[in-house]
Amino acid sequence: MKRLQTKTGIGLIAGLPFCSCAKHEILQYGTEKPESLIAQENIDSYAPLISYIDKNAHPNFKWGLALNMDDYLNKGVMYRLANRNFEEMVMGYEMKHASIVQADGTLNLSKLERVIKAAQENNMQLFGHTLTWHSGQNATYLNSLIAPVKLPAGSDPGQGGINVPSESGYAMKMTNPSVVNAWEAQTAYDIAGIETNTEYILKIAAKGSKAGSIGIDLQATSNYTGDSFGAIALTTEYKEYELKLTTTAVRNRFIINFGQYAGTVFIDDVSLKKVDTNTDIIAGGNFESGISGWFGWGNSSTRSQSAEGEGYGGPGGTVIEKTPEEKKAILTDALETFISGMMSVTKDYVKAWDVVNEPMSDWPDQYALKTGIGKTDLAEDEFYWQDYLGKDYAVKAIQLARKYGNPNDILFINDYGLEGGGNKCKGLIAYVNYVESKGAKVDGIGTQMHINSTANKDDIVNMYKLLAATGKLIKVSELDIGLGDNIKTANATAAMYQQQANMYKFVIEKYFEIIPKAQQYGITIWSPLDSPDRENSFWRKGEPIGIWTESFVRKPAYQAVAKALRNQK
């Protein structure tokens, strides 16, 4: 162990009569410097990471990081860290479709122009990410472009037209957060005058936020027995329903059972009458004056008057769906508008792009493209271009990038999980070959590598070999390494951090070893800092995935990365 040597003077104030002639004595003592402090001092002694790359040996290799645009524009600590340690940056989100395309389809490029100017001032290269993806899209706008055309009531529906209801006024809105037993989420209205052995007719208009069913009964609160109207099958458009039952006893409550429907239900124009009479037993069933008299319980379900315009307005008009060919043409134009707009402000400075991001399916066929068909839980920013433009969507995207960009721009197709040991890497390579067979040149393949320190090293080596054999430029595009098992920073140990450091070193060294020098585009660290454990942390929340801590302290991974870069000659 190293020791700290400290000298301490022990004496009394000169001038005191009883010790003015005392001899000043120096005592020495030693204490052991903690191993953790020694290790941290060693890490801190390393130079900035970019200084370890031999540019004579690797003139085209790019050492990059990902960050938020505001972190760079605000010129704070992250700005200085980026400029000091890296030579290329990529925006994690702000160059994606949803960040640029506004609600009306216009492009807001002003912030992008600012970051380009800031990058130029610091000789920081900017990598474009990304032009075509299924996430990070302004899906609301894109879906509006291909939405059916709605004609006014009374219009000739024409070929392929369907009648749809109109919406106006108010309805009663009911929500249920999760599926439970049908009776565990109920809405009720107490009634009088229901006779036994008598037929009653119910008319109601209803719709739901998704397909599903709800049940409706008449009940006696004295013993909770009842007679059922049965279930109604909801769609996402209002439908009119007419149901009948014959009572078997006196009933005094109207009950809607919707525990098995997780979502939002709208009901309107509720009318309950004894057959062959005109007296409505339920008052205010059109909800125009509120939901007075209605109540309910169960499973945190809610009941309220809807917003104005969400009520049932009658049979309505006619909807005409766009054909697949029409949708393809419309979305091709939208893609061209986005790509041409991006290139109009970036082409003078951005020379490399992820044109297509994450095209390949994870399961079951990793040679197939991802699809949104059949998914019922699409996120607000999720939109699958390939479902409308077909397998050639990447061909069109690359053609547009070539048309509006620079002739020698380096264009990538990028995906994750290529090191996973399955067929995804082979599937992506096969798709790249398909795209090129259609005449669109792909310059490089990006492998994201969001991995853990427990990743299978043989699978990583095999991935590198497969990618090297393509002859394409290869980029490790989004490297970050967690500790495995979703271990958070608070539970991390020194041994875990060392294992993480070893994996960072392994990934970088094997890249240089296996990927031929002419194919080495570069490596980008996706999360230079550990991920914060906060509600708004969207990426690997709370995981210590970086090579710096959240407070910008270098970790063992920093030292390992520096060594891996320094060893490449």
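The chain is numbered in sequence order, starting from 1. Both backbone and side-chain heavy atoms feed into the values below; hydrogens, waters and symmetry mates do not.
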(request) Take Glu336 and Lys403 through the test salt bridge (charged side-chain N to carboxylate O under 4.0 Å, His left out) and record every step on the way to the result. (result) CA-CA 10 Å; Glu336 182 165 8; Lys403 178 179 178 180; 3.2 Å; yes
(request) Step through the shown structure and confirm whether more than 12 heavy atoms of other residues, nucleotides or ligands are within 6.0 Å of NZ on Lys426. (result) no
(message) If you define the side chain from C-beta out and look only at heavy atoms, does anything of Phe254 sit under 4.5 Å from Leu202?
(response) yes
(message) For the NZ atom on Lys328, are there more than 12 heavy atoms of other groups (residues, nucleotides or ligands in this structure) within a distance under 6.0 Å?
(response) no
(request) Using the side chain to side chain contact (heavy atoms under 4.5 Å, CB included) rule, take Ile214 and Leu234 through it: C-alpha gap first, then chi angles, then the decisive distance, then the call. (result) CA-CA 8 Å; Ile214 60 176; Leu234 300 177; 4.0 Å; yes
(request) Without swapping roles, check the side chain of Tyr504 against the backbone of Asp480 for a donor-acceptor pair under 3.5 Å. (result) no
(message) Show the nearest heavy-atom pair for residues Ile460 and Met503, with the distance to one decimal.
(response) CD1-SD, 4.1 Å
(message) Taking CG in Asp104 as the centre, count heavy atoms belonging to other residues, nucleotides or ligands within less than 6.0 Å. Is the count above 12?
(response) yes
(message) Within a 6.0 Å radius of atom NZ on Lys203, are there more than 12 heavy atoms belonging to other residues, nucleotides or ligands?
(response) no
(message) Any carboxylate oxygen within less than 4.0 angstrom of a Lys/Arg side-chain nitrogen, looking at Arg402 and Asp409?
(response) no
(request) May I ask you to decide if Met496's main-chain N or O and Gln500's side chain share a donor-acceptor pair within less than 3.5 Å? (result) no
Sequence neighbours excluded and cut-off under 3.5 Å, please list the side-chain donor-acceptor pairs for residues 64-73, or say none.
unit_1 : atom_1 : unit_2 : atom_2 : d
Asp70  : OD1    : Lys111 : NZ     : 2.7
Asp70  : OD2    : Lys111 : NZ     : 3.4
Tyr72  : OH     : Asn83  : OD1    : 2.6
Tyr72  : OH     : Asn122 : ND2    : 3.4

(message) So His97 and Trp385, do their side chains get closer than 4.5 Å, heavy atoms only?
(response) yes
(request) Provide the closest heavy-atom pair for Asn138 versus Ala103 in the form atom of the first, atom of the second, distance. (result) ND2-N, 4.0 Å
(request) Would you mind reporting whether Lys472 and Asp443 have side-chain heavy atoms less than 4.5 Å apart? (result) no
(message) Ignoring hydrogens and geometry beyond distance, is a side-chain donor-acceptor pair present between Asn414 and Asn357 at under 3.5 Å?
(response) yes
(request) Determine whether the side chains of Ser477 and Thr524 contain a donor N or O and an acceptor N or O closer than 3.5 Å. (result) no
(request) Decide yes or no on side chain to side chain contact (heavy atoms under 4.5 Å, CB included) for Met172 and Gln305, but give the supporting numbers first. (result) CA-CA 5 Å; Met172 181 165 66; Gln305 185 186 39; over 6 Å; no
(request) Starting from the C-alpha separation in whole Å, work towards a yes-or-no answer on side chain to side chain contact (heavy atoms under 4.5 Å, CB included) for Thr235 and Lys239. (result) CA-CA 8 Å; Thr235 68; Lys239 287 181 63 177; 3.9 Å; yes
(request) Could you label the plane-to-plane angle of the Tyr393 and Tyr431 rings as parallel, tilted or perpendicular, counting under 30° as parallel and over 60° as perpendicular? (result) parallel
(request) Could you tell me whether Lys541 atom NZ has more than 12 heavy atoms of other residues or ligands within 6.0 Å of it? (result) yes
(message) With a sphere of 6.0 Å drawn around CH2 of Trp183, does it hold more than 12 non-hydrogen atoms of other residues, nucleotides or ligands?
(response) no
(request) Compute the centroid of each ring, for Phe412 and then for Tyr521, and state whether the two points are separated by less than 6.0 Å. (result) yes
(message) Under the criterion side chain to side chain donor-acceptor pair (under 3.5 Å), I'd like the reasoning laid out for Thr264 against Thr175: C-alpha separation, chi angles, the key distance, then a yes or no.
(response) CA-CA 4 Å; Thr264 303; Thr175 68; 5.8 Å; no
(message) Looking only at side-chain N and O atoms, does Tyr312 offer a donor or acceptor that is under 3.5 Å from a partner on Glu240?
(response) yes
(message) Donor-acceptor pair, distance only, cut-off 3.5 Å: does the side chain of Glu310 make one with the backbone of Ala307?
(response) yes
(request) Would you mind checking if Glu382 and Lys375 are paired as a salt bridge, meaning a charged N to carboxylate O distance below 4.0 Å? (result) yes
(request) Considering non-hydrogen atoms only, spot the tightest contact between Met360 and Asp415 and give its length. (result) N-OD2, 3.0 Å
(request) Flag the pair Met343 / Trp353 as yes when at least one side-chain heavy-atom distance between them is below 4.5 Å, and no otherwise. (result) yes
(message) If you compare all heavy atoms of Ile487 against all heavy atoms of Pro544, which two are closest, and at what distance to 0.1 Å?
(response) O-CD, 3.4 Å
(message) With heavy-atom distances below 4.5 Å as the criterion, would you say the side chains of Leu389 and Leu335 are in contact?
(response) yes
(message) Please check: side-chain N/O of Glu326 versus main-chain N/O of Thr323, any donor-acceptor pairing under 3.5 Å?
(response) yes
(message) Before you tell me yes or no, could you show the steps for Ser178 and Asn299 under side chain to side chain donor-acceptor pair (under 3.5 Å), namely the whole-Å CA-CA distance, both residues' side-chain angles and the distance that decides it to 0.1 Å?
(response) CA-CA 8 Å; Ser178 62; Asn299 199 40; 3.3 Å; yes
(request) With the side chain counted from C-beta on, respond yes when Ser209 and Tyr261 share a heavy-atom pair under 4.5 Å apart, and no when they do not. (result) yes
(request) For the residue pair Phe383 and Tyr388, categorise the inter-ring angle as parallel (less than 30°), tilted (30 to 60°) or perpendicular (more than 60°). (result) parallel
(message) Please find the pair of heavy atoms, one from Tyr464 and one from Ile515, that lie closest to each other, and give the distance.
(response) O-CD1, 3.5 Å
(request) Any chance you could lay out the side chain to side chain contact (heavy atoms under 4.5 Å, CB included) test for Thr447 and Met463, step after step, and finish with the verdict? (result) CA-CA 9 Å; Thr447 173; Met463 174 198 68; 3.2 Å; yes
(message) Show, in sequence, the C-alpha distance, side-chain angles and deciding distance for Asp392 and Tyr434, and conclude whether the side chain to side chain donor-acceptor pair (under 3.5 Å) test is met.
(response) CA-CA 9 Å; Asp392 286 5; Tyr434 170 82; 2.4 Å; yes
(message) Just by distance, no angles: are the side chains of Asn176 and Gln260 close enough, under 3.5 Å, to form a donor-acceptor pair?
(response) no
(message) Regarding Tyr416 and Asp362, do their side chains bring together a donor and an acceptor under 3.5 Å, going by distance alone?
(response) yes
(message) Which heavy atom of Trp294 sits nearest to which heavy atom of Val270, and what is that distance?
(response) CH2-CG1, 4.4 Å
(message) Determine whether Asn257 and Gln186 satisfy the following criterion, side chain to side chain donor-acceptor pair (under 3.5 Å), listing intermediate values before the conclusion.
(response) CA-CA 5 Å; Asn257 303 297; Gln186 294 182 314; 2.5 Å; yes
(request) Please check if the side chain of Thr489 supplies one atom and the backbone of Gly542 the other of a donor-acceptor pair under 3.5 Å. (result) yes
(message) Nearest 0.5 Å, please: how far is CE in Met174 from CD1 in Ile256?
(response) 4.5 Å
(message) Using side-chain heavy atoms (C-beta onward) and a distance below 4.5 Å, is Leu529 in contact with Glu550?
(response) no
(message) Using side-chain heavy atoms (C-beta onward) and a distance below 4.5 Å, is Ser306 in contact with Phe287?
(response) no
(message) So does Glu184 get a backbone contact from the side chain of Asn181, meaning a donor-acceptor N/O pair under 3.5 Å?
(response) no
(request) Spell out, as yes or no, whether a donor-acceptor pair under 3.5 Å connects the side chain of Thr337 to the backbone of Asp333. (result) yes
(message) Under 6.0 Å from the ring centre and within 45 degrees of the ring axis: does the NZ or CZ of Lys457 meet both conditions for the six-membered ring of Phe506?
(response) yes
(request) Spell out, as yes or no, whether a donor-acceptor pair under 3.5 Å connects the side chain of Thr130 to the backbone of Asp354. (result) yes
(request) Output yes when a side-chain donor or acceptor of Ser301 lies under 3.5 Å from a complementary backbone atom of Trp297, and no otherwise. (result) yes
(message) I'd like to know if the side chain of Asn452 and the backbone of Thr454 have a donor-acceptor N/O pair within less than 3.5 Å.
(response) no
(request) Mind checking the NZ-CD1 spacing from Lys207 to Ile232? Nearest 0.5 Å is all I need. (result) 14.0 Å
